[in-house]
Number of protein chains: 2
Amino acid sequence: MNIKEVAKRAKVSTATVSRTINDSEKVRPGTAARVRQAIEELNFYPNTHARTLVSGRSRMLGLIISDITNPFYPELVKSFEDQAVERGQEVIIGNTDYNPKRMAGCVRRMVERKVDGVAIMTSEADPALVTELTRRNIPTVFMDTGKTGLHSANIRIDYAQGIHEAMQHLFSLNHRRIAFIAGPMNLESARTRRDAYLSGLKSRGLSDRSMIEKGDHRIEGGAMAMRSLLKLPHRPTAVITSNDLTAIGALGAILHAGLRVPEDISLIGFDDISFAHLTQPPLTTIILSRTQLAVTAFAALEALIRKDEGPHTDYSIPTHLVMRASTRAI
Amino acid sequence: MNIKEVAKRAKVSTATVSRTINDSEKVRPGTAARVRQAIEELNFYPNTHARTLVSGRSRMLGLIISDITNPFYPELVKSFEDQAVERGQEVIIGNTDYNPKRMAGCVRRMVERKVDGVAIMTSEADPALVTELTRRNIPTVFMDTGKTGLHSANIRIDYAQGIHEAMQHLFSLNHRRIAFIAGPMNLESARTRRDAYLSGLKSRGLSDRSMIEKGDHRIEGGAMAMRSLLKLPHRPTAVITSNDLTAIGALGAILHAGLRVPEDISLIGFDDISFAHLTQPPLTTIILSRTQLAVTAFAALEALIRKDEGPHTDYSIPTHLVMRASTRAI
DNA sequence: GCCGTTGCTGTAAACGCTTACACGCAAGTG
DNA sequence: CACTTGCGTGTAAGCGTTTACAGCAACGGC
């Protein structure tokens with residue numbers, strides 16, 4: 001089943017069929033109707049691979065993330081895919097598993113499949129791989145990985161905003177002993193969050209009151225860090241965490257120690273993953289809209305692909321505090 | 001950058017380059033080495049679209065699911081993709097959003113992209129669409145949707161097993177007033193679970209003690225159903241739910257009513273989504289291994305593609321109770 | 001009546017690969 | 001020595017599209 005058979009049935013040339021499909025040039029309405037009918041009757045779908053081969057455009061986009069199993073990502077993937085499908089593009093997903101080697105594999109697959117562009121949200125973005133993409137003129141959008149290249153756009157996430165709102169919130173609830181459970185320090189984004197916490201303390205003249213424990217952005221690390229905090233002579237009255245998984249771990253550790261949230265300790269997460277409002281109590285956290293992130297990334301990528309190299313290739317996504325039940329005044 | 005340039009650099013014909021890449025026929029080791037070096041030097045990646053066009057195999061697989069945002073799916077997707085990537089296959093994902101129309105779109109995209117096979121795990125599988133796939137000779141694997149066709153395999157999930165274990169468990173803890181919160185009754189898989197509950201009661205001579213409320217496999221429906229159960233004159237001492245989201249909703253409703261789990265009511269979920277062990281208390285639930293499901297589906301699909309039409313095209317995945325802290329003896 | 005336009009359609013050459021077939025050559029066979 | 005055989009390689013056709021170019025009819029202006 002190919003364009004030739006359609007042409008034969010509609011009694012036109014293959015060129016006319018192609019033109020009808022792509023409505024690239026004017027085809028007489030009567031002819032087009034005949035072609036369309038033939039297509040209908042034969043249930044013909046054009047072969048995308050042949051199209052790609054000659055046109056150079058695959059109508060496929062790559063999306064590289066760390067791990068679809070991490071609850072941060074599914075919404076991002078969904079929004080991105082929705083955008084793509086709406087515009088007739090396909091998305092192929094690469095899971096790096098936090099592993100630079102697999103990241104390299106992802107990039108390779110993207111290149112082999114001749115994707116029209118790649119969006120990357122992962123911390124394993126080795127500069128060499130980025131080069132690989134730009135060298136092949138593949139437009140690339142980085143979400144929160146900081147490096148902008150020639151053919152690429154960069155989407156920053158305004159972590160500080162949300163942390164500041166959280167600090168303000170805790171402050172207005174009279175908390176003064178506020179701890180922070182950080183993420184892995186090799187992640188720039190984790191450092192940014194910690195720094196926002198420190199600057200929040202500093203601006204209130206409380207620099208000497210900082211309490212920082214290191215987590216790993218996973219539940220286990222959050223629990224462990226919280227246990228350390230609970231051993232402190234003056235334990236914190238409130239804790240901000242670098243992400244929600246950390247907060248969930250911390251919550252478990254607090255309850256396990258026989259304390260309550262928010263009565264004994266207020267707790268704030270980060271990301272607003274879907275389970276954040278299902279914890280007991282529902283977690284006060286900082287929303288980072290994956291939808292907004294995906295929509296922005298997609299738009300940026302599309303602009304890059306169409307070479308609308310507009311004035312800015314830099315975007316910013318805000319974060320905001322959402323109050324639920326894990327914080328309370330003292 | 002194409003095979004021709006590689007051929008020129010290695011001073012061989014394009015055929016030899018192709019043969020080296022695919023090691024399909026014998027190439028003299030020395031020649032192959034020269035070719036490989038040229039590939040290396042030029043950083044050549046073969047164009048998959050051209051390959052597909054001539055070979056008819058796209059090395060792409062389709063995976064159609066309801067919604068990647070539903071916590072049941074990410075692990076399934078991940079395991080399936082891992083399998084695929086390991087074997088040099090790409091996966092394209094279709095989200096139906098529980099919507100038959102979008103399901104049709106997914107199928108269409110799969111056909112257009114000429115996937116080598118499709119795995120489907122979604123309840124919107126319209127027979128007409130299935131026909132569309134089999135008509136085009138696209139091997140198809142259905143997970144838990146019940147319909148087997150010509151070019152397809154079927155993977156059943158043994159829901160009854162897990163439910164029976166759960167009943168047995170509750171029974172041994174002296175529970176006799178056991179309720180069940182069911183899923184949407186248009187889903188065969190939901191009916192199967194309910195029926196297993198009923199048969200569990202019956203085999204213990206407790207048919208007259210059945211308490212069934214209908215949920216929707218979402219949190220909200222679970223909460224609502226639980227509220228109804230709590231209003232009963234003799235409220236249940238234990239509740240089994242059709243899936244974990246339902247259980248989480250039920251848990252919220254129980255706590256909200258001022259009761260405790262498991263002290264006042266024992267609760268059992270189904271699926272073992274990643275958050276099931278993070279609830280307070282950690283949820284006793286029934287494991288349905290997504291990894292096993294994905295691995296089986298992939299193997300079945302591969303067999304179908306290779307036309308290893310062996311003795312069986314039917315597979316079964318077991319389910320088992322995993323005890324955590326949401327159940328207790330009375 | 002001639003010529004330049006305009007509008008539609010057809011012809012055929014790519015796109016980058018795989019593979020059937022052919023070919024040359026060295027080794028084995030009678 | 002002529003022969004088959006088999007291995008390694010090259011030639012070229014073809015996969016299903018898109019698209020540059022050409023062709024052709026109808027039309028209007030002169």
Side-chain angles (χ1 to χ4, degrees), chain A residues 1-39 42-60 88 90 108-109 111-116 136-138, chain B residues 1-39 42-60 88 90 111-116 136-138:
Chain A
M1 176 55 48
N2 55 28
I3 213 177
K4 233 166 166 174
E5 294 187 43
V6 175
K8 191 158 60 175
R9 187 174 192 103
K11 298 199 198 313
V12 295
S13 72
T14 60
T16 300
V17 176
S18 174
R19 284 192 274 255
T20 307
I21 293 169
N22 299 291
D23 42 47
S24 52
E25 288 171 65
K26 284 236 90 41
V27 176
R28 198 184 310 173
T31 316
R34 237 170 45 239
V35 172
R36 266 188 271 276
Q37 190 182 348
I39 288 174
L42 295 173
N43 212 310
F44 165 76
Y45 293 179
N47 181 323
T48 51
H49 301 281
R51 287 181 137 184
T52 297
L53 194 55
V54 44
S55 73
R57 292 194 51 210
S58 66
R59 291 157 199 266
M60 292 203 287
E90 203 64 50
R108 173 169 192 132
R109 281 159 49 206
V111 173
E112 280 182 344
R113 298 281 171 183
K114 291 259 176 303
V115 295
D116 294 338
R136 300 193 185 256
N137 280 328
I138 300 179
Chain B
M1 175 52 49
N2 56 28
I3 213 177
K4 232 166 164 173
E5 295 188 40
V6 176
K8 191 158 60 178
R9 186 173 193 105
K11 299 201 198 312
V12 294
S13 72
T14 60
T16 300
V17 177
S18 174
R19 284 193 272 254
T20 307
I21 293 169
N22 300 292
D23 42 45
S24 51
E25 286 172 69
K26 284 239 85 44
V27 176
R28 197 183 313 174
T31 316
R34 237 169 45 238
V35 171
R36 267 190 270 276
Q37 187 181 350
I39 287 175
L42 296 172
N43 212 309
F44 165 76
Y45 291 0
N47 181 324
T48 51
H49 302 282
R51 287 180 138 187
T52 297
L53 195 54
V54 45
S55 72
R57 294 194 49 209
S58 65
R59 290 155 199 265
M60 291 203 289
E90 203 63 51
V111 174
E112 281 182 342
R113 299 280 171 185
K114 292 259 178 299
V115 294
D116 295 337
R136 299 191 185 260
N137 282 328
I138 300 180

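FYI, side chains are in, hydrogens and waters are out, and symmetry mates aren't considered; it's all heavy atoms of this structure. In what follows, chains are A, B, ... by sequence order, proteins preceding strands, each numbered from 1.
Checking side-chain atoms of B:H49 against main-chain N and O of A:R113 turns up a donor-acceptor pair under 3.5 Å. Checked by atom type and distance alone, the side chain of A:R34 pairs as donor or acceptor with a backbone atom of A:A10 at under 3.5 Å. Panel note: side chain B:D23, backbone B:K26; no donor-acceptor pair is recorded below 3.5 Å.
The interatomic distance linking B:R51 (CZ) with C:dT19 (C1') rounds to 14 Å, in whole Å. The nearest whole Å value for the distance from the CD1 atom in B:I21 to the C1' atom in C:dG16 is 11 Å. In this structure, A:R57 atom CZ and C:dC15 atom C1' are separated by 16 Å, rounded to whole Å. Nucleotide C:dC17 holds its P atom 20 Å from the NZ atom of B:K114, rounded to whole Å. Taking atom CG on B:N47 and atom C1' on C:dT18, their separation rounds to 13 Å, with Å as the unit. Straight-line distance from the OH atom of B:Y45 to the P atom of C:dG16: 18 Å, rounded to whole Å. Rounded to whole Å, atom P of C:dT19 lies 11 Å from atom CD1 of B:I3. Between B:E112 atom CD and D:dG16 atom C1' there is a gap of 14 Å when expressed in whole angstrom units.
Contact annotation: the side chain of A:T48 never approaches that of A:E90 to less than 4.5 Å [non-hydrogen atoms, C-beta and beyond].
The pair A:E112-A:R108 meets the salt-bridge criterion, with a side-chain N (NZ, NE, NH1 or NH2) lying under 4.0 Å from an Asp/Glu carboxylate O.
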Just the table, please: protein N/O against nucleotides 24-27 of chain D N/O, every pair under 3.5 Å.
none

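Closest of all the heavy-atom pairs between A:S58 and A:V115 is OG-CA, 3.5 Å. When all heavy atoms of A:K114 and B:N47 are compared, the pair lying nearest together is CE-ND2, 3.6 Å. Of all non-hydrogen atoms in B:F44 and B:I21, the two that sit nearest each other are CE2-CD1, 3.7 Å.
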Item checked: Verdict with supporting geometry, A:R9 and A:L42, side-chain contact (heavy atoms from CB on, under 4.5 Å) -> CA-CA 9 Å; A:R9 187 174 192 103; A:L42 295 173; 3.8 Å; yes
Check: What string of B, S and - do you get for nucleotides 7-15 of chain D, 5' to 3', when a contact is any protein heavy atom under 4.0 Å?
Finding: -SBBBB-BB
